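We count residues from 1, following the sequence as given. Computed from a prediction, not measured in an experiment: that's the story for all the values here.
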Amino acid sequence: MEYLNSLNEAQRKAACTIKGPLLVLAGAGSGKTRVITHRIVHLIASGVAPHNILAVTFTNKAAAEMRERALKLIGGNKETVRAGLEEKPTITTFHSLGVRILKEHHTTLGLPRHFTIYDRSDSLKAIKQALEKNDFSPKQFEPRKVLGQISRAKGDAKKPSELGDEVNSFFAEVVVRTWQEYEDILKKNHALDFDDLLLKTLRLLEEYPFITEALQKRWRYIHIDEYQDTNRVQYEIARLLAGKEKNICVVADVDQNIYSWRGADIQNVLRFESHFPGAQTILLEQNYRSTQNIIAASNDVIKKNKNRIEKNVFTKNIEGEKITLYPAMNGSDEAEYIALTAKEIISKGTPPSDVAVLFRTNFQSRGLEEAFLRHSVPYQVLGTKFFERKEVKNVLSFLRLALNENSAADLTRVVNVPPRGIGKVTALKLLEGKREDLRGAIAEKVDRFYTILSDIRDEARTKKVSDTIKFIIKRTGIETEFKKGGTEEDLMRLENLRELVTLAVRFDEQDPEEGVEAFLENAALQSDQDEIKNKEEKDAVRLMTVHASKGLEFPYVFVSGLEEGLFPHERLDDHGVDHEEERRLFYVALTRAEKKVYLTYAHMRTIFGSQKINVPSSFLDDIENSYIEIVGESHKGSSSGYETTIFLD
């Protein structure tokens with residue numbers, strides 16, 4: 001079994017334990033993807049058919065990496081090559097799995113095969129409509145907050161009626177009534193939102209046992225990565241698919257559970273053995289990513305948490321440099337230090353994309369960007385998703401609307417893009433199904449619009465996906481509009497659409513209709529991490545939130561804003577600070593680094609227009625002094641350096 005030779009003892013044991021439930025507790029950088037891919041290979045070598053194997057993770061990027069590595073291993077080993085590559089294991093994300101199951105059984109659910117997937121902006125518009133329909137003001141009841149409550153309830157597998165039973169405030173009543181109206185809007189538009197992709201899948205499995213049994217027979221061996229990030233719905237889906245055989249392997253790290261605010265339940269890991277009796281537990285504690293100093297410091301931090309399963313991450317890597325701590329005078333000073341230090345690192349031969357700057361909240365990026373621009377350091381902010389750019393969304397809306405003319409959100413978006421003289425009153429009549437009431441010139445304009453949709457539909461059914469996207473850009477007049485505008489912004493938008501064509505090429509090998517479905521699904525289910533460009537596309541320093549950095553790794557990492565109230569972050573919704581989750585978030589930040597970590601904080605920072613004097617983060621006290629070096633003239637001779645020095649203007 002040559003494919004097992006590269007694994008350490010714990011990894012090999014996890015890969016070879018293939019019967020019954022298995023919990024793999026994996027420390028940061030311990031090779032969990034390697035374990036899952038080698039376990040898949042070992043299953044095939046042991047006689048399991050590839051199509052009986054399912055592996056699920058959370059991002060397209062992680063799924064693609066796992067799929068590529070698994071197929072390479074399968075094809076490169078004599079023990080598995082006999083199975084051939086015609087049959088492949090299913091390696092996907094939770095939401096893509098939901099889409100696959102829902103499309104396969106769409107008639108059972110009364111859905112069209114080409115149902116629309118609402119992204120967050122679509123959902124917010126629908127929530128606003130639902131509020132107004134119930135005579136609630138969107139200014140008084142913020143749509144984002146209402147949608148957040150509904151999303152959390154869906155993640156907990158609740159129905160509007162169940163949430164109604166728990167109503168204990170007027171706002172809760174607003175949420176329930178809005179949710180009911182929101183569901184009517186989704187149904188009318190043959191649409192599902194992001195949470196529905198999982199919740200509807202769960203309802204299908206619960207209500208149709210024959211479908212559940214068929215899927216249990218199809219996927220007899222199940223793997224779930226990042227199990228600590230699963231919510232109630234995802235746990236229930238996993239439990240139902242595992243069935244009586246319970247051949248389920250989950251890989252988790254409770255110390256990286258940082259998504260409780262969106263429903264991730266750490267108890268899914270802590271209670272795994274009670275959820276799946278007879279489960280075995282294997283610990284992966286050897287870190288292959290970071291230096292000894294980084295691992296020691298991160299262990300110091302995380303051991304302070306009580307709600308965890310004890311493990312001691314270690315590494316055989318070199319001791320490495322100490323962690324650098326820079327106490328800045330203010331936010332501008334902090335940004336200057338980070339930009340200049342990054343510039344120095346790059347000047348010594350490090351590619352800019354090997355450097356990451358992490359922050360707790362998005363507002364911190366502005367000052368950093370200004371400093372990076374001032375010192376001509378190439379950077380890339382991980383923020384606005386490619387598929388959420390206006391021009392990209394317009395092209396996708398044309399395609400979705402051509403396949404599902406009931407999609408009100410898409411109709412509203414593109415009925416007058418580019419301007420074709422169709423106003424809001426006409427659009428409202430179309431939404432109300434009163435197209436036949438239109439007369440004269442406006443009827444002709446509407447007819448031309450629907451002819452465009454018909455042409456796009458014909459193209460999508462017969463041509464390669466990339467050709468269909470090219471056709472949409474030309475046929476709708478979007479390309480002509482941007483060329484006519486001729487501004488730098490217009491040309492940039494046109495470049496984005498050409499990039500969209502390039503992305504569509506990936507789906508050209510599939511049957512046209514299947515390719516279009518896969519393309520739209522990929523666009524709808526993109527995560528923040530999936531947005532990071534490859535190094536060869538843009539070699540720049542990465543600026544991102546700590547949450548967005550999870551699952552990534554960089555040789556050099558800056559963690560900024562380490563101040564009480566900012567990191568750990570004090571929430572503004574009266575819940576205060578969740579110190580254990582914030583500490584896990586800091587642990588994630590530290591363990592992204594391979595060679596060197598820089599920690600910074602500002603004694604004074606301007607937030608919401610007011611200057612605030614800060615106390616250094618309590619997390620800094622968790623790290624033993626011997627792992628830290630403090631830089632800055634004002635700290636020479638200080639025993640610890642960051643407890644007492646405060647700058648005043």
Side-chain angles (χ1 to χ4, degrees), residues 59-62 64-65 289-290 294 321 324 326 328 331-392 488-489 491-503 506 526-561 588-600:
T59 68
N60 291 338
K61 180 176 180 291
E65 179 189 348
R289 176 188 302 153
S290 308
I294 293 171
E321 296 182 55
T324 294
Y326 181 75
S332 297
D333 179 25
E334 179 190 50
E336 284 283 304
Y337 170 77
I338 291 172
L340 287 171
T341 307
K343 188 171 187 175
E344 183 182 355
I345 292 169
I346 294 165
S347 71
K348 293 178 181 177
T350 298
S353 53
D354 279 356
V355 182
V357 183
L358 310 183
F359 36 83
R360 178 62 182 83
T361 59
N362 280 306
F363 84 83
Q364 294 170 257
S365 72
R366 186 189 59 79
L368 290 163
E369 286 189 71
E370 289 178 358
F372 274 75
L373 282 169
R374 191 160 47 248
H375 296 291
S376 302
V377 182
Y379 73 91
Q380 179 184 27
V381 180
L382 181 61
T384 303
K385 296 181 180 181
F386 176 78
F387 288 105
E388 289 183 1
R389 291 186 170 106
K390 183 179 179 181
E391 63 278 7
V392 173
E488 189 173 334
E489 184 180 355
L491 296 176
M492 182 186 73
R493 291 181 184 278
L494 196 53
E495 283 300 313
N496 286 337
L497 294 182
R498 286 171 179 156
E499 175 66 13
L500 185 64
V501 173
T502 301
L503 291 172
R506 299 178 191 171
Q526 285 283 302
S527 72
D528 285 349
Q529 292 175 352
D530 295 322
E531 288 298 314
I532 295 183
K533 301 282 188 181
N534 293 329
K535 292 179 185 177
E536 57 268 25
E537 290 183 45
K538 188 167 184 179
D539 193 14
V541 176
R542 315 298 193 199
L543 274 59
M544 68 187 83
T545 64
V546 183
H547 281 99
S549 75
K550 187 168 173 289
L552 306 176
E553 55 188 61
F554 304 90
Y556 299 89
V557 171
F558 293 82
V559 186
S560 61
V588 166
L590 290 174
T591 54
R592 297 313 91 204
E594 298 170 1
K595 295 181 180 179
K596 174 77 176 177
V597 174
Y598 297 85
L599 306 177
T600 66

Is there a donor-acceptor contact under 3.5 Å from the side chain of [X] to the main chain of [Y]?
X      : Y      : answer
Asp539 : Ser353 : yes
Ser560 : Val357 : no
Thr502 : Arg498 : yes
Ser549 : Leu552 : no
Gln364 : Thr361 : yes
Arg289 : Thr591 : yes

By salt bridge (Lys or Arg N to Asp or Glu O under 4.0 Å), which residues pair with Lys390, not counting sequence neighbours?
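Lys390 satisfies salt bridge (Lys or Arg N to Asp or Glu O under 4.0 Å) with no residue once adjacent residues are dropped.
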Residues in salt bridge (Lys or Arg N to Asp or Glu O under 4.0 Å) contact with Glu594, at least two apart in sequence or another chain: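 If we apply the salt bridge (Lys or Arg N to Asp or Glu O under 4.0 Å) test to Glu594, skipping adjacent residues, there are no hits.
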Identify the two heavy atoms, one from [X] and one from [Y], that lie closest to each other, and give their separation to 0.1 Å.
X      : Y      : result
Asp333 : Ala328 : OD2-CA, 3.4 Å
Pro352 : Pro378 : CG-CG, 4.0 Å
Ala371 : Ala335 : CB-O, 3.5 Å
His375 : Lys343 : O-NZ, 3.0 Å
Leu590 : Ile294 : O-CG2, 3.5 Å

Rounded to the nearest 0.5 Å, what separation is found between the [atom1] atom of [X] and the [atom2] atom of [Y]?
X      : Y      : atom1 : atom2 : result
Arg542 : Arg592 : CZ    : CZ    : 15.5 Å
His547 : Leu358 : NE2   : CG    : 12.0 Å
Asp354 : Phe554 : CG    : CZ    : 9.0 Å

Who pairs with [X] by side chain to side chain donor-acceptor pair (under 3.5 Å), at least two apart in sequence or on another chain?
X      : value
Thr600 : Glu334
Tyr337 : none
Tyr379 : Glu369
Thr324 : Lys596, Glu629

Can you tell me if Arg366 has over 12 outside heavy atoms packed within less than 6.0 Å of its CZ?
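Counting other residues, nucleotides and ligands, CZ of Arg366 stays at 12 neighbours or fewer.
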Item to complete: Carefully, step by step, assess Tyr326 and Thr341 under the rule side-chain contact (heavy atoms from CB on, under 4.5 Å).
Response: CA-CA 11 Å; Tyr326 181 75; Thr341 307; over 6 Å; no
Is there a side-chain contact (heavy atoms from CB on, under 4.5 Å) between Val381 and Met544 once you walk through the steps? CA-CA 6 Å; Val381 180; Met544 68 187 83; over 6 Å; no
Would you call Ile338 and Phe372 a side-chain contact if the rule is heavy atoms closer than 4.5 Å?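 Yes, side chains in contact.
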Q) When you look at Val557 and Tyr598, which way does the side-chain contact (heavy atoms from CB on, under 4.5 Å) test go after all the steps? A) CA-CA 6 Å; Val557 171; Tyr598 297 85; over 6 Å; no
Show your reasoning for whether side-chain contact (heavy atoms from CB on, under 4.5 Å) applies to Leu599 and Phe558. CA-CA 6 Å; Leu599 306 177; Phe558 293 82; over 6 Å; no
